[in-house]
Amino acid sequence: MRTQVGIIGAGPAGLLLSHLLHLRGISSVVLEQRSRDYVERRVRAGVLEQGTVDTLVEAGVGERLLREGLPHHGIELRYGGAGHRVAFEKLVPGRSITVYGQQEVVKDLIAARLAAGGDVRFEVEDVALHSLEPGLDSGPYLTFGGERLDCDVIAGCDGFHGVSRPAIPEGVLSVYERDYPFAWLGILARVAPSSEELIYTRTERGFALHSMRSPTVSRFYLQVPADTKAEYWPDERIWAELKARLESVPGFTLTTGEIMEKGVTPMRAFVAEPMQYGRLYLAGDAAHIVPPTGAKGLNLAVADVRVLTEALAAYFADGSTELLDGYSAACLKRVWRAQHFSWWMTTLLHTFEDDDPYGRRLQLSYLDYVTSSEAAATTLAENYVGLP
Ligand code: FAD
Ligand code: DHB
């Protein structure tokens with residue numbers, strides 16, 4: 001078998017890349033180790049930047065997103081017994097975010113690929129990368145389940161735990177990382193949101209986030225110890241903790257309901273540089289992850305894929321490698337901005353066990369600044385909705 005671009009992973013990065021390449025007349029095969037059902041049900045991110053929405057709409061996969069996605073023009077920061085709105089319409093006029101579940105994006109992309117006769121293979125075992133070294137006469141190839149797929153280029157879109165990044169020889173990559181001493185417990189609940197906008201809450205008990213998926217489904221996150229397990233959190237304990245943190249302003253009541261899904265996500269930052277080796281290009285979580293407080297993971301994956309598509313289109317049009325050679329550098333500027341923003345939001349809103357009273361006062365002072373200075377609030381707003 002042969003294709004132009006062999007894509008490992010059917011997450012948002014791999015599927016969108018396959019779709020955008022198809023629109024440019026470039027062939028690809030997507031190899032995914034999980035089942036279609038599994039990837040379509042995997043509950044993860046929910047905040048799409050303006051640029052992400054624009055990309056999906058322009059690519060013709062935004063019809064349901066425009067119909068069912070929830071446009072948001074602000075978020076609330078809640079701390080010290082009061083809520084403070086960060087008003088996008090005032091701070092970053094004309095720019096907003098859309099709340100639409102990642103698994104809905106994945107469903108839409110899979111449907112589009114299959115409708116166009118795209119080759120997306122699920123439950124593929126033992127994917128391995130070969131002949132990646134720069135300057136070889138023969139191209140790279142992938143093996144899986146006893147088969148061989150020859151490619152001009154390989155795109156590693158297989159997430160943080162995938163096989164692509166480890167296939168790069170030792171010594172090539174520089175790795176930058178930070179583990180946080182806490183995790184997020186995320187739940188999806190069959191209950192109407194108790195707020196129209198997202199609420200990011202800092203309390204002495206820890207951080208909590210109220211998000212949503214639809215008028216009847218809410219999404220919540222709690223800062224929890226890094227070594228916790230979802231089974232330590234029966235439903236009553238989750239609701240009690242969410243109430244203790246979110247009902248920290250007068251008059252706000254959290255409505256509870258049936259919990260449909262729960263999971264623990266470690267909080268970690270990671271960047272591997274460069275995002276390429278020979279004819280292998282990494283995109284999305286395969287190359288970098290951020291703590292989710294800034295809602296940037298999925299948006300970064302989409303931004304990488306946009307850059308990679310342009311570079312591959314130029315390469316397949318006339319063999320020019322300039323954009324491909326500059327792929328990593330072009331992506332890393334945005335990646336590091338998102339790293340900083342995600343670190344900043346995380347530091348601003350979480351409780352750190354080893355923090356002393358002085359550190360807690362600094363945190364509160366910064367929150368007061370962000371919620372009272374238009375300059376500081378604009379910093380938050382323009383990063384949150386996504387820089388151009
Ligand atoms: P992924 O979505 O991870 O897709 C990679 C795909 O590759 C997967 O389908 C995987 O099964 C497949 N794969 C892996 N290894 C192989 C292999 N060897 N062979 C074949 N296929 C393989 N971001 C937020 O902004 N907010 C959140 O609340 C949030 N929650 C998250 C919760 C969890 C548990 C995780 C892991 C991430 C979360 N993120 C969140 C981050 C966001 O979901 C990711 O940034 C986004 O999924 C990145 O997309 P991707 O396509 O690069 O990677
Ligand atoms: C959601 C996730 C995030 O990480 C975030 O910062 C905001 C919202 C969500 O899943 O809805």
Side-chain angles (χ1 to χ4, degrees), residues 6-18 30-36 38-49 52 70 72 75 97-103 105-106 109-110 120-129 142-145 155-167 183-188 193 197-200 207 209-214 217-221 230 261-268 270 275 282-305 335 338 341-342 345-346 349 384:
I7 300 176
I8 311 172
L15 290 166
L16 180 62
L17 179 63
S18 178
V30 181
L31 304 177
E32 165 62 49
Q33 67 180 2
R34 302 283 193 168
S35 68
R36 177 177 176 184
Y38 182 92
V39 300
E40 289 189 344
R41 280 170 193 260
R42 193 164 42 191
V43 182
R44 287 186 171 177
V47 171
L48 308 188
E49 292 176 357
T52 299
L70 309 168
H72 282 233
I75 56 169
I97 55 116
T98 299
V99 176
Y100 188 67
Q102 177 169 326
Q103 85 261 41
V105 174
V106 165
L109 286 167
I110 290 175
V120 184
R121 303 187 188 196
F122 295 97
E123 296 175 78
V124 163
E125 286 176 0
D126 302 324
V127 175
L129 303 85
L142 294 167
T143 54
F144 57 97
C157 302
D158 47 352
F160 185 63
H161 299 288
V163 290
S164 300
R165 195 180 64 252
W184 273 18
L185 173 71
I187 67 157
L188 200 63
E197 295 187 331
L198 272 68
I199 309 172
Y200 287 80
F207 169 80
L209 171 58
H210 183 346
S211 181
M212 63 282 299
R213 286 293 178 269
S214 75
V217 175
S218 299
R219 177 110 169 112
F220 298 93
Y221 297 95
E261 209 266 351
K262 60 178 95 154
V264 174
T265 308
M267 294 280 274
R268 177 190 289 141
F270 177 94
M275 292 167 55
L282 303 176
D285 278 19
H288 43 72
I289 49 177
V290 284
T293 326
K296 287 288 166 249
L298 169 60
N299 295 295
L300 279 182
V302 169
D304 288 350
V305 163
V335 167
F341 178 65
S342 304
M345 286 285 281
T346 302
L349 291 162
Y384 195 85

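As the structure lists them, so they are numbered: ligands from 1, and atoms in each ligand from 1. We're numbering straight along the sequence, starting at 1.
Side chains of Val39 and Phe122 form a contact here, defined as non-hydrogen atoms less than 4.5 Å apart. Lys262 is listed as a side-chain neighbour of Ile187, based on a closest heavy-atom distance under 4.5 Å. Looking only at side-chain heavy atoms (C-beta outward), Leu298 and Arg44 stay at 4.5 Å or farther from each other. Using a 4.5 Å heavy-atom cutoff, the side chains of His288 and Met275 are in contact. Proximity of Arg219 to Val43: side-chain heavy atoms (C-beta onward) are separated by under 4.5 Å at one or more points. You'll find the side chain of Tyr384 reaches within 4.5 Å of the side chain of Leu198, heavy atoms only. A 4.5 Å side-chain heavy-atom check between Asp304 and Val335 finds at least one atom pair inside the cut-off. Within the 4.5 Å cutoff, the side chain of Phe144 has no heavy atoms near those of the Gln33 side chain.
Near Trp184, meaning under 4.0 Å from one of its heavy atoms, ligand 2 places the atoms 4 (O). Close approach to Ile8 involves these atoms of ligand 1, each under 4.0 Å from a residue heavy atom: 19 (N), 20 (C). Atoms of ligand 2 found under 4.0 Å from any heavy atom of Leu198, numbered from 1 in the order shown, are 7 (C), 8 (C). Listed by atom number, the atoms of ligand 1 under 4.0 Å from Gln102 heavy atoms are 2 (O), 42 (C), 43 (O), 46 (C), 47 (O). The ligand atoms of ligand 1 that sit less than 4.0 angstrom from a heavy atom of Gly284 are 52 (O). Atoms of ligand 1 found under 4.0 Å from any heavy atom of Gly159 (numbered from 1 in listed order, with element): 3 (O), 5 (C), 53 (O). Listed by number with element, the atoms of ligand 2 under 4.0 angstrom from any heavy atom of Val47 are 7 (C), 8 (C). Atom numbering of ligand 1 starts at 1 in the shown order; those under 4.0 Å from a heavy atom of Val163 are 18 (N). Close approach of ligand 1 to Thr265 (heavy-atom distance below 4.0 Å) involves ligand atoms 32 (C), 33 (C), 34 (C). Listed by number with element, the atoms of ligand 2 under 4.0 angstrom from any heavy atom of Ala45 are 10 (O). Numbered from 1 in the order shown, with element, the atoms of ligand 1 that lie under 4.0 Å from a heavy atom of Arg34 read 11 (O). Atoms of ligand 2 lying under 4.0 Å from at least one heavy atom of Ala295, given by number and element, are 5 (C), 6 (O). Residue Lys296 approaches ligand 1 through these ligand atoms, each under 4.0 Å from one of its heavy atoms: 25 (O).
In this structure, Met345 has no heavy atom closer than 4.0 Å to ligand 2. Ligand 1 does not have Gly263 within reach: every non-hydrogen atom of the residue lies 4.0 Å or more from it. Between Phe160 and ligand 1 there is no heavy-atom distance shorter than 4.0 Å. For Arg42, the heavy-atom gap to ligand 1 drops under 4.0 angstrom.
At a 4.0 Å heavy-atom cut-off, ligand 2 does not touch Tyr100 at all. In Val39, the part holding a heavy atom less than 4.0 Å from any atom of ligand 1 is the side chain. Counting heavy atoms under 4.0 Å from ligand 2, residue Thr293 touches it through the backbone alone. Contact annotation for Ala286 and ligand 1: no heavy atom of the residue comes within less than 4.0 Å of the ligand. Residue Ser211 touches ligand 2 through its side chain alone, judged by heavy-atom distances below 4.0 Å. Contact annotation: for Leu31 versus ligand 1, heavy atoms closer than 4.0 Å belong to the backbone alone. Counting heavy atoms closer than 4.0 Å to ligand 1, residue Asp158 contributes atoms from both its backbone and its side chain. Under 4.0 Å from ligand 2, the heavy atoms of Arg44 that appear belong solely to its backbone.
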CA sep, side-chain torsions, deciding dist, call: Arg213, Val99, side chain to side chain contact (heavy atoms under 4.5 Å, CB included): CA-CA 7 Å; Arg213 286 293 178 269; Val99 176; 4.1 Å; yes
Pair Leu188-Val217, side chain to side chain contact (heavy atoms under 4.5 Å, CB included): steps then yes or no: CA-CA 7 Å; Leu188 200 63; Val217 175; 3.8 Å; yes
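For atom 6 (O) of ligand 2, the closest non-hydrogen atom of the protein is Tyr200 OH, 2.7 Å. Closest to atom 5 (C) of ligand 1, if we only count protein heavy atoms, is Cys157 O, 3.4 Å. Counting protein heavy atoms only, atom 21 (N) of ligand 1 is closest to Gln33 N, 3.2 Å. From the protein, the heavy atom lying nearest to atom 1 (C) of ligand 2 is Tyr221 CE1, 3.7 Å. If you check which protein heavy atom lies closest to atom 2 (O) of ligand 1, you get Arg44 NH1, 2.9 Å. Among all protein heavy atoms, the one lying closest to atom 4 (O) of ligand 2 is Pro292 O, 2.7 Å. The protein non-hydrogen atom at the shortest distance from atom 6 (C) of ligand 1 is Glu32 OE1, 3.6 Å. For atom 28 (O) of ligand 1, the closest heavy atom belonging to the protein is Tyr221 OH, 2.8 Å. Of the protein's heavy atoms, Asp285 OD1, 3.3 Å lies nearest to atom 48 (C) of ligand 1. Of all protein heavy atoms, the one lying nearest to atom 24 (C) of ligand 1 is Ala45 CB, 3.2 Å.
Shortest non-hydrogen contact noted between Tyr38 and Ser35 is N-OG, 3.0 Å. Scanning both residues, Leu17 and Ala155, for their nearest heavy atoms gives CD2-CB, 3.4 Å. Taking all atoms of both residues into account, the shortest heavy-atom contact from Leu129 to Ser164 is CD1-CA, 3.9 Å.
Put simply, the side chain of Thr346 gets close to the backbone of Ser342: a donor and an acceptor are under 3.5 Å apart. Remark: side-chain polar atoms of Arg165 are paired, donor with acceptor, to backbone N or O of Phe160 under 3.5 angstrom. Panel note: side chain Lys296, backbone Ile289; no donor-acceptor pair is recorded below 3.5 Å. With Asp158 contributing its side chain and Val163 its backbone, the two residues share a donor-acceptor pair below 3.5 Å.
Taking any N or O of Ala13, backbone or side chain, at least one lies under 3.5 Å from an N or O belonging to ligand 1. Residue His161 has no nitrogen or oxygen atom sitting less than 3.5 Å from a nitrogen or oxygen atom of ligand 1, judged on distance alone. Residue Met212 places no N or O, backbone or side chain, under 3.5 Å from any N or O of ligand 2. In terms of polar-atom proximity, defined here as any N/O pair under 3.5 Å, Trp184 makes no such contact with ligand 1.
Distance check, rounded to the nearest 0.5 Å: CZ of Phe220 to CG of Leu185 gives 12.0 Å. Interatomic distance, CG of Asn299 versus CG of Leu48, reported as 6.0 Å (0.5 Å rounding). Remark: Arg121 CZ to Glu32 CD distance equals 13.5 Å, nearest 0.5 Å.
When distances from atom 11 (O) of ligand 1 to the protein are checked, a heavy atom turns up under 4.0 Å.
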